[in-house]
Amino acid sequence: MSDTVHPDTRYARRRLGWEVGIVVALSLGQTALYSLLSLIRAALRAPLADQTASLNPQQAEEAVWDAVYRVLDVFFDLCLVALVIYLLWEPGRSAFRRIGLDFSRFWRDAGLGVALVAAIGIPGLGLYAVSRMFGMTVEVQAGDLDQALWTVPLLLLSAARAGLLEEVILNGYLVTRLGALWRRPWVVLVAVALLRGAYHLYQGPAMALGNVVMGLVFGWCFLRWRRTMPLVLAHAFIDTIAFVGYPLAAPFLP
């Protein structure tokens with residue numbers, strides 16, 4: 001009589017736990033581990049202030065093949081997004097509507113996204129500048145805009161990919177799944193935010209901490225709105241500024 005959990009419930013929770021673990025290992029968890037190793041190697045090699053990290057590294061010397069590989073990278077990352085949406089799909093209930101990844105409230109979502117850019121993106125740029133001054137962050141290189149005619153469209157595509165990959169997996173999938181397992185929203189928010197910070201460790205501890213804060217804010221917004229679309233748009237806007245806007249403005253900055 002002490003076992004108050006039905007066997008079927010225990011089995012469902014165990015299966016759900018394995019599902020979450022596999023998804024994390026195949027996606028952002030793998031990135032977090034490599035990011036941690038990158039930070040350790042960088043710290044052993046030289047001061048962080050003297051090192052660089054590329055957000056969109058060149059995939060091949062030939063411009064055409066570089067574009068092919070970049071498009072394939074985006075495609076396979078979006079396959080991970082498709083996987084978690086498939087896992088969230090239930091009979092008679094669309095996963096897109098379940099996590100708010102649709103265009104039913106596009107202009108409202110866009111407005112919320114712009115507000116999040118102002119609340120998170122602008123302070124994030126300030127954090128990067130200050131952490132660079134104190135040597136707590138590597139020099140982040142967004143990419144070279146002069147590589148080919150299709151470079152900017154590919155960077156915009158990469159920004160959209162980052163928004164979908166991170167916000168759909170972290171908030172749409174993980175917050176939903178972990179919420180069913182743990183039942184304590186603050187524990188879920190902290191765990192997901194720490195994962196977000198972990199896969200940004202390659203930029204340095206300061207930027208990783210900044211992404212933890214971003215994760216807490218975005219997670220809270222998802223719990224309040226139950227929509228990933230404004231988060232995807234905000235993330236894509238922020239990365240567009242970083243990938244395209246910053247390289248254009250960099251020559252005029254001190």
Side-chain angles (χ1 to χ4, degrees), residues 1-36 75-105 108-109 112-113 116 161-201 208-209 211-235:
M1 297 295 292
S2 61
D3 187 1
T4 58
V5 181
H6 192 276
D8 290 345
T9 303
R10 289 202 308 270
Y11 171 78
R13 289 175 62 84
R14 190 180 305 118
R15 183 182 183 280
L16 189 57
W18 276 102
E19 177 191 298
V20 169
I22 292 170
V23 168
V24 170
L26 289 175
S27 57
L28 298 174
Q30 178 184 161
T31 306
L33 178 57
Y34 283 122
S35 185
L36 173 60
F75 171 76
F76 287 115
D77 278 347
L78 293 182
C79 286
L80 292 172
V81 176
L83 172 63
V84 298
I85 291 175
Y86 172 79
L87 292 172
L88 289 172
W89 214 301
E90 295 178 354
R93 187 183 186 188
S94 168
F96 292 101
R97 288 196 296 272
R98 183 178 182 182
I99 63 174
L101 188 65
D102 55 39
F103 296 100
S104 61
R105 307 176 189 175
R108 178 176 180 271
D109 290 340
L112 293 172
L116 286 173
R161 177 265 306 273
L164 284 167
L165 180 71
E166 297 183 39
E167 304 312 327
V168 172
I169 292 180
L170 289 177
N171 290 304
Y173 176 79
L174 278 180
V175 169
T176 299
R177 286 300 203 224
L178 293 180
L181 286 172
W182 294 346
R183 305 291 184 183
R184 294 183 179 180
W186 69 270
V187 176
V188 173
L189 290 185
V190 170
V192 173
L194 288 175
L195 175 59
R196 187 191 292 265
Y199 63 76
H200 286 93
L201 279 170
L209 180 60
N211 276 278
V212 170
V213 174
M214 175 180 174
L216 291 172
V217 173
F218 275 35
W220 180 84
C221 289
F222 177 72
L223 288 178
R224 181 176 177 85
W225 302 331
R226 287 295 172 181
R227 293 190 61 78
T228 56
M229 182 59 80
L231 309 181
V232 170
L233 292 174
H235 196 135

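Numbering of residues begins at 1 and proceeds along the displayed sequence.
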Where [X] and [Y] come nearest, the two heavy atoms and their spacing:
X	Y	answer
L170	V192	O-CG1, 3.6 Å
G163	V232	O-CG2, 3.6 Å
R196	H200	O-ND1, 2.8 Å
N211	G197	CB-CA, 4.2 Å
Q30	A25	CB-O, 3.2 Å
L88	G172	CD1-O, 3.5 Å

Rounded to the nearest 0.5 Å, what separates atom [atom1] in [X] from atom [atom2] in [Y]?
X	Y	atom1	atom2	value
L26	T31	CG	OG1	10.5 Å
I169	S27	CD1	OG	4.0 Å
Y11	R15	OH	CZ	6.0 Å
T228	F218	OG1	CZ	11.5 Å
L28	L165	CG	CG	5.0 Å
R97	W89	CZ	CH2	8.0 Å

I need the single residue from L189, V217, L231 that forms a side chain to side chain contact (heavy atoms under 4.5 Å, CB included) with F222. Which is it?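 With F222 as partner, L189, V217, L231 yield a single side chain to side chain contact (heavy atoms under 4.5 Å, CB included), made by L231.
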
Criterion side chain to side chain contact (heavy atoms under 4.5 Å, CB included) against L223, the qualifying member of V188, N171, V175, T176: V175

Answer with yes or no whether the side chains of Y173 and E19 bring together a donor and an acceptor at under 3.5 Å. yes

Give a yes-or-no answer on whether the side chains of E166 and Y199 include a donor-acceptor pair shorter than 3.5 Å.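 Yes - a donor-acceptor pair under 3.5 Å links their side chains.
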
Listed by chain and number, what are the side-chain hydrogen bond (donor to acceptor under 3.5 Å, both in side chains) partners of S94, not counting sequence neighbours? none

What verdict does the side-chain contact (heavy atoms from CB on, under 4.5 Å) test give for M214 and H235, after you've listed the backbone C-alpha separation in whole Å, the side-chain angles of each residue and the deciding distance to 0.1 Å? CA-CA 10 Å; M214 175 180 174; H235 196 135; 3.9 Å; yes

Could you check whether any side-chain N or O of R227 sits under 3.5 Å from a backbone N or O of I99, counting only pairs where one atom can act as donor and the other as acceptor?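 Judged by distance alone, no pair lies under 3.5 Å.
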
Show your working on side-chain contact (heavy atoms from CB on, under 4.5 Å) between R13 and L181 and close with a plain yes or no. CA-CA 7 Å; R13 289 175 62 84; L181 286 172; 4.2 Å; yes

Evaluate whether atom CZ of R98 has more than 12 neighbouring non-hydrogen atoms of other residues, nucleotides or ligands under 6.0 angstrom away.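 Count over threshold, so yes.
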
